[in-house]
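One structure is given below, encoded as structure tokens.
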2 protein chains.
Amino acid sequence: MAEKKSDRTRAAILAAARERFGADGYERATIRAIAADAAIDPAMVMRYYGSKEKLFAAAAEFDVRLPDLSDVPRDQLGQVLVRHLIERWEEDDTLQVLLRTAVTNEAAAERMRQVFIGQLTPAFERAAVDQPAVRAGLIATQALGFAFCRYILELEPIVALSTDEAVAWLGPTIARYLTAPSPSQA
Amino acid sequence: MAEKKSDRTRAAILAAARERFGADGYERATIRAIAADAAIDPAMVMRYYGSKEKLFAAAAEFDVRLPDLSDVPRDQLGQVLVRHLIERWEEDDTLQVLLRTAVTNEAAAERMRQVFIGQLTPAFERAAVDQPAVRAGLIATQALGFAFCRYILELEPIVALSTDEAVAWLGPTIARYLTAPSPSQA
DNA sequence: AGCATATGCCAACGCCTGTTGACTTTCGCA
DNA sequence: TGCGAAAGTCAACAGGCGTTGGCATATGCT
């Protein structure tokens, strides 16, 4: 009885929900379509998750899983961080869900803020970085912009980049946002 | 008869449409709400613009209006470009409309691609920049990411930046994307 | 003034949405 | 084998949507 019958249905619903929310955004992803993908009745979605909003909340759970940065050499911080973010991005489509929905859904926006400010800032504090909030914000602009162009807009030159090329291009940017003295020039 | 009565209604509809599309995104911005904002009947919107899609197409017209970059000193390119983009952003909310809608609306996404690849790339070509497409794409990631965090997500540390501070932070990034040799470090 | 045309309003349509409640089937345990 | 609960099905609801066509009003020209 460790695995009940209903658990698999719940999981199927959640997987379908993530796919639809990620592909269509919050409003265009309908309960009916999600249910059809999971091959069950729309009413089951309501029984298991209560409402579309609660289903979304469950589908948008995310942890950026930052590694410990305090023992990384200062001059490799950018590369390490960028590589982690990009790889985290591609192994888990939840961030694509958030990106696609945060634009019109306040709950998604709040969760995104929580990830990028609430999780990045304290990690930077622990790594003894000054002005951790501003730096977290700046890094968010580059990381989210990259994801937006690569996965949502699908700009050809950005889609074409390999992970290594992307790391090589973005690494120095992230590094500078992380370590450069306040408003600086080049 | 240079200015007919209907022209003002058309303009009122377009202004209301821009506001709603920019605030709510494509699907949540309803014809009825736009018409209410413009203080006219929903049927008028159809009469003047034919359909919601065509209204959107009219509301999302945008030109990035890049200045001529060929006579700007190489070491000021980043600052100049960033300042232009940010100021262009804030004087015209059409880009916010695009940003809010490109996520779920293919027409908006296509227009955004046209702006950032179709307008940036040839300008870089004229300024004798090598690999203009990749560089345009990279600059798009940083510019759009900044706008996304500042105007859509409203991340506090990014919202709090003044224009000058933003230029100081992003300028070197854009400059590097514009001039650094291919995949580089530092 | 009188008429044609431009402008605007109203009511309704067909469709799709999230959500609900009642009903049927399946399963696990005594 | 029975019985109760869990799991799944079905049809319908109320409301919002884009869109349409018919009708009233205002406008401008002769």
Side-chain angles (χ1 to χ4, degrees), chain A residues 1-60 97 100-108, chain B residues 1-60 97 100-108:
Chain A
M1 71 137 70
E3 173 165 341
K4 306 184 65 176
K5 175 78 175 182
S6 65
D7 289 349
R8 277 203 288 169
T9 331
R10 285 185 76 101
I13 294 172
L14 204 61
R18 260 193 261 266
E19 203 163 318
R20 283 284 177 177
F21 281 132
D24 300 339
Y26 185 80
E27 17 272 333
R28 292 188 30 193
T30 69
I31 296 269
R32 282 170 160 90
I34 292 169
D37 285 3
I40 48 112
D41 192 274
M44 285 289 90
V45 179
M46 306 307 292
R47 192 195 285 285
Y48 285 130
Y49 288 95
S51 73
K52 185 180 182 181
E53 276 198 17
K54 290 181 194 164
L55 170 63
F56 174 77
V97 173
R100 187 87 71 172
T101 53
V103 162
T104 51
N105 185 280
E106 179 52 31
Chain B
M1 71 136 71
E3 173 163 344
K4 307 184 66 176
K5 175 77 176 184
S6 65
D7 290 347
R8 276 202 289 170
T9 338
R10 285 185 76 99
I13 294 173
L14 204 61
R18 260 193 262 265
E19 203 162 318
R20 283 283 177 177
F21 281 131
D24 299 339
Y26 185 80
E27 16 273 333
R28 292 188 31 191
T30 69
I31 297 269
R32 284 170 157 91
I34 292 169
D37 285 3
I40 48 113
D41 192 274
M44 288 288 91
V45 178
M46 306 307 293
R47 190 193 285 286
Y48 285 129
Y49 288 94
S51 71
K52 185 180 182 181
E53 275 198 19
K54 290 180 191 163
L55 170 63
F56 173 77
V97 173
R100 186 87 70 172
T101 54
V103 163
T104 51
N105 186 280
E106 179 52 28

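To find a chain, count down the sequence lines: A is the first, B the second, and so on, and within it residues start at 1.
Residues meeting the side-chain contact (heavy atoms from CB on, under 4.5 Å) test with B:Ala59, sequence neighbours left out: B:Leu14, B:Ala17, B:Arg18, B:Phe21. Checked against side-chain contact (heavy atoms from CB on, under 4.5 Å), B:Ala60 has the following partners two or more places apart in sequence or in another chain: B:Phe56, B:Leu98, B:Arg111.
Atom P of nucleotide D:dG18 and atom CD of A:Glu27 are separated by 13 Å, given to the nearest angstrom. If you measure from atom CD1 of B:Ile34 to atom C1' of D:dC17, you get 13 Å, rounded to the nearest angstrom. Taking atom CD1 of A:Ile31 as the reference point, atom P of C:dT20 lies 11 Å away to the nearest angstrom. In this structure, CG of B:Asp7 is placed 16 Å from C1' of C:dG8, rounded to the nearest angstrom. Nucleotide C:dA6 holds its C1' atom 15 Å from the CZ atom of B:Arg8, rounded to whole Å. In this structure, A:Arg28 places its CZ atom 17 Å from P of D:dC17, rounding to the nearest Å. Between A:Arg32 atom CZ and D:dA11 atom P there is a gap of 13 Å when expressed in whole angstrom units.
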Kindly list each side-chain donor-acceptor pair under 3.5 angstrom involving residues 34-44 of chain B, sequence neighbours excluded, with atom names and distances?
from: B:Asp37; atom 1: OD1; to: B:Arg20; atom 2: NH2; distance (Å): 3.3
from: B:Asp37; atom 1: OD2; to: B:Arg20; atom 2: NE; distance (Å): 2.8
from: B:Asp41; atom 1: OD1; to: B:Ala43; atom 2: N; distance (Å): 2.8

Atom pairs and distances, side-chain donor-acceptor, residues 25-33 of chain A, under 3.5 Å, sequence neighbours left out:
from: A:Glu27; atom 1: OE2; to: A:Thr104; atom 2: OG1; distance (Å): 2.3
from: A:Arg28; atom 1: NH1; to: B:Thr104; atom 2: O; distance (Å): 2.6
from: A:Thr30; atom 1: OG1; to: A:Ala33; atom 2: N; distance (Å): 3.0

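The list of salt bridge (Lys or Arg N to Asp or Glu O under 4.0 Å) pairs with a residue in residues 43-53 of chain A, not counting sequence neighbours, is empty.
A close approach under 4.0 Å does occur between a side-chain nitrogen or oxygen of A:Thr9 and OP1 or OP2 of D:dG8. Taking only side-chain nitrogens and oxygens, B:Ser6 comes nearer than 4.0 Å to OP1 or OP2 of C:dT7.
Looking at A:Tyr49, its side chain does come within 3.5 Å of a backbone N or O of A:Arg10 through a donor-acceptor pair.
Of the residues in residues 35-55 of chain B, B:Ala43, B:Met46, B:Ser51, B:Lys52 come within less than 4.0 Å of DNA chain D through at least one heavy atom, sorted by number.
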